[in-house]
2 protein chains.
Amino acid sequence: MSATKLQECRQHFSAQLDGVVDFWLRHSHDAEYGGFFTCIGRDGTVYDDLKYVWLQGRQVWMYCRLYRTLERFHRPEILEAAKAGGAFLRKFARMSSSSSPWKCAFCLTRDGKAVKVQRSIFSECFYIMAMDELSRVIADQDMQLEAEQMMEQLIYWVQVDPSGLGRPRLPGDVATNSMAVPMMLLCLVQQLTEGRDHEAAQKYRELGSWCVGQILQHVQRAGTAILENVSESGAELPGSAGRLQNPGHALEAGWFLLHFSAETGDKEIQKTAIEKFIELPLEYGWDREHGGLFYFLDVDGHCPTQLEWNMKLWWPHCEALIALLMAYSQTKRPELLQSFLQVYDYSFSHFPDEKNGEWFGYLSREGSTVLDFKGGPFKGFFHVPRCLLMCERLLDDLLQMHNE
Amino acid sequence: MSATKLQECRQHFSAQLDGVVDFWLRHSHDAEYGGFFTCIGRDGTVYDDLKYVWLQGRQVWMYCRLYRTLERFHRPEILEAAKAGGAFLRKFARMSSSSSPWKCAFCLTRDGKAVKVQRSIFSECFYIMAMDELSRVIADQDMQLEAEQMMEQLIYWVQVDPSGLGRPRLPGDVATNSMAVPMMLLCLVQQLTEGRDHEAAQKYRELGSWCVGQILQHVQRAGTAILENVSESGAELPGSAGRLQNPGHALEAGWFLLHFSAETGDKEIQKTAIEKFIELPLEYGWDREHGGLFYFLDVDGHCPTQLEWNMKLWWPHCEALIALLMAYSQTKRPELLQSFLQVYDYSFSHFPDEKNGEWFGYLSREGSTVLDFKGGPFKGFFHVPRCLLMCERLLDDLLQMHNE
């Protein structure tokens with residue numbers, strides 16, 4: 001692979017990132033009530049003024065991460081936007097009506113009233129990510145402490161007693177290790193420990209090892225498949241839920257594990273991450289007929305019950321780009337770069353909206369745009385810019401080594 | 001339209017009905033634990049042994065309705081299957097862990113343990129339908145009383161206090177009139193009052209009028225659109241939820257209203273049903289490019305946020321066939337028969353699986369099969385046979401008049 005090709009990719013990621021940041025700066029800020037509009041149409045129009053908490057938290061995090069790590073985004077307007085989003089979250093996301101002071105709503109009205117609440121931990125996860133990252137940028141220790149306090153509650157829900165989440169425990173509902181939970185916690189561990197060495201950070205590192213163990217339980221069928229849901233003891237579960245595969249999720253777990261292995265120097269984890277969580281899901285998740293990654297699959301070839309199973313979503317492709325480029329940059333194995341370019345070609349020829357900016361999120365199996373909004377209940381300012389930022393930086397490092 | 005064409009349709013519906021009943025008799029009965037398997041693959045294979053309560057109730061109801069109303073299905077094996085399904089439901093569907101003795105689970109393990117519960121009324125609705133219809137077939141007054149007692153609880157949840165359903169009341173969550181609720185209640189009223197004149201039946205008839213009023217609130221925008229969610233006072237709601245259209249649902253409401261108008265002789269309701277709930281949704285819901293009814297639309301042409309919005313599902317087509325044929329048989333307006341044949345041609349050329357029997361449920365916008373199972377979490381022995389049964393009977397009546 002020539003440095004020219006890598007240089008071309010790098011310029012592409014960088015230009016896309018500028019465009020995407022610009023799109024959200026222009027269209028998503030609510031100057032009147034604070035926070036961010038999250039339902040944004042093809043051309044930037046706000047088609048619903050509901051504010052989804054996952055996306056509020058993610059956008060605060062993303063602005064801060066850009067501000068903190070890339071010189072050209074170290075701009076007052078980005079800092080101000082992050083602070084305004086953080087203030088909105090702190091003021092409105094936590095629900096006064098809940099039995100726990102840390103339970104967050106899933107969705108808010110424009111002026112911050114709770115509309116929906118989920119019986120899961122994810123609103124809280126993105127709240128913590130936002131608060132920790134913002135506290136780093138503005139050096140606010142109280143805010144960081146708040147993130148750690150909510151993290152305590154989260155750990156309690158996951159490891160001790162989930163009843164505070166509001167989901168009744170039913171006799172036929174087998175306790176399940178769903179990949180999203182240890183992945184999300186590992187991501188938070190990486191967030192909360194970065195560059196820190198206090199006592200809490202040490203405790204989180206132990207939690208990180210637990211998360212890795214939980215994630216590795218999803219390698220099933222003698223190492224030939226990543227399954228999305230396994231039993232708490234790591235056995236395969238019966239039925240559709242037990243056979244479910246989500247290739248994009250596996251790829252995302254792959255780069256979380258690579259990150260972990262780079263921090264800890266654990267080469268065994270690196271090998272598993274690449275072979276099982278990156279190469280394998282790319283192999284079975286790729287649509288040989290039309291290109292792109294399927295959203296869901298059934299390991300035995302039954303039809304998944306999710307109506308959207310064969311659609312091509314933006315975020316699995318974002319995760320695949322990060323995972324493959326990180327794997328290549330750690331190993332320099334040329335077939336990983338080859339795979340990266342395969343996903344790169346599909347992604348950049350299908351998702352970006354050259355006319356109005358940002359990426360489309362939801363394509364048909366054949367690759368045409370089925371939902372044309374740029375922001376919706378689950379798509380915001382997160383997967384695309386995180387991918388563009390991380391790939392730009394990985395490519396910068398690769399190109400620098402190339403030139404040395 | 002020639003009688004020959006109607007005769008041909010009638011034979012087609014009848015033959016399809018035989019095949020569909022045969023499919024479920026062969027593949028869905030659980031001889032070991034009772035009840036019905038509901039997750040059934042293309043060729044009849046059970047791909048998951050979870051038992052969805054909506055579908056248990058619907059299958060009991062459907063078997064009884066066939067047994068009770070069509071001579072050729074008045075067979076012991078159908079009665080026995082209905083009774084076995086009813087016994088399973090009575091034994092396992094109601095959740096001992098709930099604050100109300102009437103709250104039903106959404107999904108059970110094969111041996112009847114609750115796996116999931118919804119914070120809505122629909123499991124209970126299909127339980128009531130099953131019990132009432134079964135009580136008619138086996139002349140069991142206790143069972144009928146049980147259905148009426150559960151109905152009392154349902155009315156309380158809908159009209160007085162929904163907190164027993166387990167959904168927290170949130171400050172930003174505006175009380176909504178969702179079309180599904182009055183439709184479902186109207187359907188139950190029609191079920192519980194058929195051929196009955198006791199006191200409860202009289203009370204239900206009043207509830208029926210209330211339901212009709214609630215359904216009519218969904219006619220919006222000066223009569224140019226049926227909207228799926230409106231405020232409790234019948235005003236349009238903001239955002240995507242307020243603009244949502246579900247053409248199949250509107251068409252189903254249409255024939256519920258036609259049924260009501262036939263019972264009450266209310267010609268104004270008949271006119272509204274046909275113009276607003278049948279012709280209008282068929283007009284805006286039909287895909288002019290590829291044929292078939294869209295699943296969801298946004299009245300202002302924004303993109304719906306449901307990933308499956310442009311898919312062609314079996315059940316809206318079933319509802320359209322019933323609604324159009326019923327409207328034609330009540331009015332003899334030839335354009336209604338024309339529309340019926342348009343939906344008939346699309347449905348019979350796309351949904352039936354000639355090889356393995358039953359209908360596919362989930363097609364892409366372009367009309368190819370995307371999910372190939374015959375039974376899944378929301379598709380069972382219900383919409384297809386109900387449509388085939390009702391259309392066969394409507395066509396019989398039409399042909400008889402033709403010959404007189």
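Keep in mind that what you see is a predicted model, and the values were worked out from it rather than measured. Chain identifiers are assigned alphabetically (A, B, ...) following the order of the sequence lines, protein sequences preceding nucleic acid strands; residue numbering begins at 1 within each chain.
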Where does [X] contact chain A at under 4.5 Å (heavy atoms): side chain, backbone, both or neither?
{"X": "B:Arg365", "answer": "neither"}
{"X": "B:Lys116", "answer": "backbone"}
{"X": "B:Pro171", "answer": "both"}
{"X": "B:Arg110", "answer": "neither"}
{"X": "B:Tyr47", "answer": "both"}
{"X": "B:Thr109", "answer": "side chain"}

Looking only at heavy atoms, which two atoms of [X] and [Y] are closest? And how far apart?
{"X": "B:Phe373", "Y": "A:Pro304", "result": "CE2-O, 3.6 Å"}
{"X": "B:Asp173", "Y": "A:Val115", "result": "CB-O, 3.6 Å"}
{"X": "A:Pro377", "Y": "B:Thr305", "result": "CD-CG2, 3.8 Å"}

Heavy-atom pairs under 4.5 Å with chain A, option from [options] with the top count:
{"options": "B:Arg243, B:Arg42, B:Met95, B:Arg167", "answer": "B:Arg243"}
{"options": "B:Asn310, B:Asp111, B:Asp48", "answer": "B:Asp48"}
{"options": "B:Val174, B:Asp300, B:Leu170, B:Val117", "answer": "B:Leu170"}

Requested in this report: With rounding to the nearest 0.5 Å, note down the distance linking OG1 in B:Thr45 to NE2 in A:His302.
Outcome: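 Output value for this atom pair is 7.5 Å.
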Check: Does a side-chain heavy-atom distance below 4.5 Å link B:Leu307 with A:Leu307?
Finding: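 Result no, sub-4.5 Å side-chain heavy-atom pair not found.
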Side-chain heavy-atom pair A:Val370, B:Trp309 within 4.5 angstrom cut-off: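 Heavy-atom side-chain distance check passes, below 4.5 Å.
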Contact winner vs chain B - A:Pro168, A:Ala114, A:Gly239, heavy-atom pairs under 4.5 Å: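 The candidate making the most pairs under 4.5 Å is A:Ala114.
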Which one wins on heavy-atom pair count under 4.5 Å against chain B: A:Gly172, A:Ser364, A:Ala241, A:Ala105?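 When all of A:Gly172, A:Ser364, A:Ala241, A:Ala105 are compared, A:Gly172 has the most.
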Next item on the list: Under 4.5 Å heavy-atom distance to chain B, tell me which part of A:Leu371 shows up: side chain, backbone, both or neither.
Entry: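 It is both, since atoms from each part get that close.
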